[in-house]
Each structure stands twice: as C-alpha cells, then as structure tokens.
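Here the structure comes first, spelled out in structure tokens, and everything after it is commentary.
Order of the sequence lines fixes the chain letters, A, B, ..., with proteins taken first and strands second; residue numbering starts at 1 for each chain.
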Amino acid sequence: MSRQRNNGLPMRRLSPLTIFMLSAFGRIVALTAIWSQVSAWTSYPVGLLSHMALEQAAPMWVRQVHLSPGNMEVDTAISVPTADGRRGEITVEVSPARYAYGLPIFVALVLTARGRGRVGRVAAGYAALLPFQAFSLTMSALMQMVLAAQADIRLLRVSQWQMEAIVYGYQLGSLVLPTLVPILLWLWMDRKFVNDVLIRSWRGSLPPAASSP
Amino acid sequence: MLRFFLTFIVLQLTLFGINMLGVVQQHVVLPWTALLARGCAALVTLFDASAAAAGKVLWNTVSGFGVSIEPGCNGIEACIVLFAAVIAFPSTWRHKLVGLAAGFVAVQGLNVVRVISLFYLGQWNTQVFNFAHEYLWQALIMLDVLVVWLLWVRAGSKSPEASGPPAPPEDPPAPPARSAALPQSADPLVSASLDLTPPVR
C-alpha cells in the first residue's frame, strides 16, 4: 500500500495504528489542557457521589461535607492531640478534579475512533466514569483521615484489615483507576473499531505474502 | 471479550496487591526506583553536568531543584496494567513472553522520558510541571500501554504461523450485530485468534 510522490519516489502510507496513536496523542494533550480549565465544574458530580459515599461508608468519621466547585472539605469526628496539648477534630480537603482526568482521555479516544453516535458515547462514558472517580476521591479523603490519625486503629475505631483495605483502595484509586478505567471503557464501547480498523485494516495493509496464512 | 476483561481485572488487582506488599516494595520497587533515578541522572549528565541522583531523587546541583521518583512515577503500575493485559489475552506463552519483555522496555523507556521532561519542566515553570505531572503524563503513559498492547496483538496476527493460533475464548459473549455496510471478513485467522469480538461457536 504505497502512493507515488511527485518525484516518483514511493511514499509509505501510515498504518491505521500509527494514525490512531498520533491522533490520540494530540487530542489527549489538547483536551486535557481544556479540561483543566473547566474541571471544577465537570467534576462537581464526582464530589456529590463522594459526599454520599463518605456519609454511607464512614459515618463514624464524617461529621459534615462541604462541597463547592473545585473543592470538597470534610469535617471529621476524628480527634487528635494538638501542639498545645489539647485535642482537636481534623478537617480534610480534597479536590474532586484530582482523579477525574480520565474524562479527556476517554473523549480523546472516542473522537479519534470517529464513528457514529460520538456525542451519545461521550455522554454515556462521562456518566460511567463518575462512580470510579468518586471511588478514587473517597479513598483519598479516607486515606488523609488515616494519615492524620497516624494510622492508629484504636483512635480510628477500625480493624487492621479495614485499614489495609483503605490503603489498597487509595493506591488503586490514585495510581491505576483514573487512567485505566477510561481506556477500558473505550475498548468496550469501541471494540468494533478496535477490531475492524486497528487490527483488520492493518492486516489488509500487509503485503499478500504476510497477510495471508 | 468478556472473559478477557474479567481475567484482566482479576490479574490487575492481584498483581497490584503483590506490588504493594512490604517485601516486594523493599526488594523490588525501591531498588528499581533508585536505579531509574540513577539511569535518568546518567542520561541527563550526558548533556547537563549539573544533574545528579541521590537515592530516588534526581536533582540539579546548581539550582537545588529536584524531583523525587515516587510510586506512580516509576512506571511499575503501568507495567502491571500491560502485563495483566498481555497475560489475559488469548495467545501462546511464547508470544506472551515477548510481549512482557518488549512491553516492559517500551513503558520504562517512555517513563525515562517522562522523568527527565518533568525534571526540566519543574525548573522552568511550576504550573506547567504540575499539569504535566498530575494529569498529562499519566494519560500519555497509559496511552503508551494501550498502543504497546495493540502492537503486540497486531504482531500476533502478523506471524500466526510462527507462534501458532491461540485458542479462542471458551465462553464468548454474543457478538454485536454487524453492520451490513461493513464487509464480513473471509479470513478465519483474525477471528480465530485476535478478533476482539470472538465468533459464536
């Protein structure tokens, strides 16, 4: 699969996978930059879900959650000694956008794959990403509480395995889920594109000897 | 495809849990991170004599600015994702081993670029550094994982004779309705090995 330049030299056409990679790269850079300007609003529902999750999952720790675009403040019932010898309850602050950057990755992949129904897929993907982003945010808030209490399980009134689960959930929610989930979601939603365009088209671009069994 | 996804998720969670064990952190992750910092420093000093490494910190001896390579910055989590995807995908073990080795090199190679770029971005502009560190490079590393995995899948379809056709998933879900506008492939090899929507048996 080649075409001729004006000077007669053959010019190799880029493979579908190369085109996909370059397009996705450019879109991720551009959309992440745009997203960073509007993330306070696009991630507001993440804060709402996390607010509900914290109140349901850790009612013994959470007194009140204050949510505003770009910020979530959690007043806790965890009492720790202060520098002057008295005791004070801690407040943790998290940004709902901190782990919500999977949205531009997902949108970039959907736009790169083209196809029909992109707006619908973007909307469905946005909704599907929210619970995972809320999980990451919730685990981040819980981890901050654990650290503020210096991982004292008696002070926190939890068992050792619950503490380990919070640490595991925090690591997973901060290091893996924010980028992995949008890609898995896209692979699932656009599996026909992956199969037809990236794999089958590439096979079609091979020389006959290599493409036929 | 459903089977692939479920296997992938189980493997991912298991490998990630193993990665977090204290003994693995102490004997694998931390030494690897220190090696990565020294490697980055060695590369940077080829053209910048003011760079040095101390443990997992890459720093500028003149300005005092340094970047500490922490979990999430050492490329291990990205490698775990790739390894889980390669192992979960139906293929021969020989092809999987090639994917694991090449994938490790590809991910860690880009990670070196990430660390060095962040080292210089941080000295130039803190806002740009934060944006690149917290969001952009995370996304690009995972795009790298996706592309490496697709290349590996592609390589499997390039030389099916060499590695032998892998068995199709045992419990395939119902395939999506195919568009009449798209021609059906007459080539059985793609469907038998690397088709992401396995055929109905």
Side-chain angles (χ1 to χ4, degrees), chain A residues 15-18 20-22 24-25 27-29 31-33 35-36 39 95 97-102 104-106 108-109 112 116 164 167-168 171-172 174-184 186-188 190-200 202-204 206 210-213, chain B residues 1-2 4-5 8-9 12-13 16-17 19-20 70-73 76-78 80-81 84-85 127 130-132 134-136 138-147 149-151 153-154 156-161 165 175-179 182-183 185 187-192 194-197:
Chain A
S15 75
L17 187 53
T18 308
F20 168 81
M21 184 181 68
L22 295 174
F25 173 83
R27 284 190 169 98
I28 283 176
V29 173
L31 288 172
T32 304
W35 169 85
S36 69
S39 61
S95 165
R98 178 65 187 84
Y99 302 110
Y101 58 92
I105 302 174
F106 177 77
L109 292 172
T112 303
R116 288 182 183 173
E164 300 287 349
V167 174
Y168 181 87
Q171 295 278 351
L172 190 73
S174 59
L175 298 178
V176 177
L177 295 186
T179 48
L180 180 60
V181 172
I183 286 180
L184 286 181
W186 171 75
L187 274 175
W188 182 262
D190 264 337
R191 55 193 182 276
K192 195 161 167 44
F193 166 82
V194 174
N195 181 48
D196 289 345
V197 177
L198 295 183
I199 297 176
R200 199 165 288 161
W202 173 82
R203 280 180 57 81
L206 288 174
S211 62
S212 59
Chain B
M1 190 169 186
L2 182 63
F4 163 73
F5 265 96
F8 168 77
I9 288 167
Q12 168 65 37
L13 295 177
F16 189 73
N19 165 59
M20 282 181 60
E70 298 292 335
C73 304
I76 289 180
E77 289 76 16
I80 287 174
V81 172
Q127 270 192 316
N130 287 337
F131 171 74
E134 291 176 6
Y135 306 128
L136 187 59
Q138 307 277 20
L140 295 180
I141 288 282
M142 203 52 82
L143 176 67
D144 182 44
V145 169
L146 173 66
V147 169
W149 181 73
L150 287 172
L151 281 169
V153 169
R154 199 179 84 162
S157 75
K158 184 179 180 181
S159 56
E161 307 89 337
R178 289 188 184 275
S179 164
L182 287 164
S185 172
D187 188 338
L189 270 175
V190 173
S191 298
L194 295 154
D195 194 334
L196 291 175
T197 52

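Most heavy-atom pairs under 4.5 Å with chain A: of the set B:Ile141, B:Leu140, B:Asp144, B:Val145, this distinction falls to B:Leu140.
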Could you check B:Met20 against A:Val167 for side chain to side chain contact (heavy atoms under 4.5 Å, CB included), going step by step and ending with a plain yes or no?
CA-CA 9 Å; B:Met20 282 181 60; A:Val167 174; 3.8 Å; yes
Can you list the steps and then say if A:Leu180 with B:Gln12 is a side chain to side chain contact (heavy atoms under 4.5 Å, CB included)?
CA-CA 10 Å; A:Leu180 180 60; B:Gln12 168 65 37; 4.2 Å; yes
Worked verdict on B:Leu143 versus A:Thr179 for side chain to side chain contact (heavy atoms under 4.5 Å, CB included):
CA-CA 9 Å; B:Leu143 176 67; A:Thr179 48; over 6 Å; no
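Interface remark: B:Gln138 contributes backbone and side-chain atoms alike to the contact with chain A (heavy atom separation under 4.5 Å). For A:Ile183, the part sitting under 4.5 Å from any heavy atom of chain B is the side chain, from C-beta outward, and nothing else. For A:Ala108, no part sits under 4.5 Å from any heavy atom of chain B, backbone or side chain.
A distance of 5.5 Å separates CZ in B:Phe131 from OG1 in A:Thr32, rounded to the nearest 0.5 Å. For the atom pair CG of A:Leu184 and CZ of B:Phe8, the computed distance is 5.0 Å after rounding to the nearest 0.5 Å. Here A:Ser15 contributes atom OG and B:Leu151 contributes atom CG; the two are 8.0 Å apart, rounded to the nearest 0.5 Å.
Counting heavy atoms from C-beta outward, B:Tyr135 and A:Ile28 have side chains that stay 4.5 Å or more apart. Side chains of B:Leu136 and A:Tyr101 form no contact here, defined as non-hydrogen atoms less than 4.5 Å apart. In this structure the side chain of A:Val176 never reaches within 4.5 angstrom of the side chain of B:Ile80, judged on heavy atoms. Counting only heavy atoms from C-beta outward, the side chains of B:Leu146 and A:Phe20 approach each other to under 4.5 Å. A 4.5 Å side-chain heavy-atom check between A:Met21 and B:Leu150 finds every atom pair outside the cut-off. Annotation: side chain of A:Ile105 is not in contact with side chain of B:Met142 (no heavy-atom distance under 4.5 Å).
Counted within 6.0 Å of OH on A:Tyr168, heavy atoms from surrounding residues, nucleotides or ligands total more than 12; the atom is thus considered enclosed.
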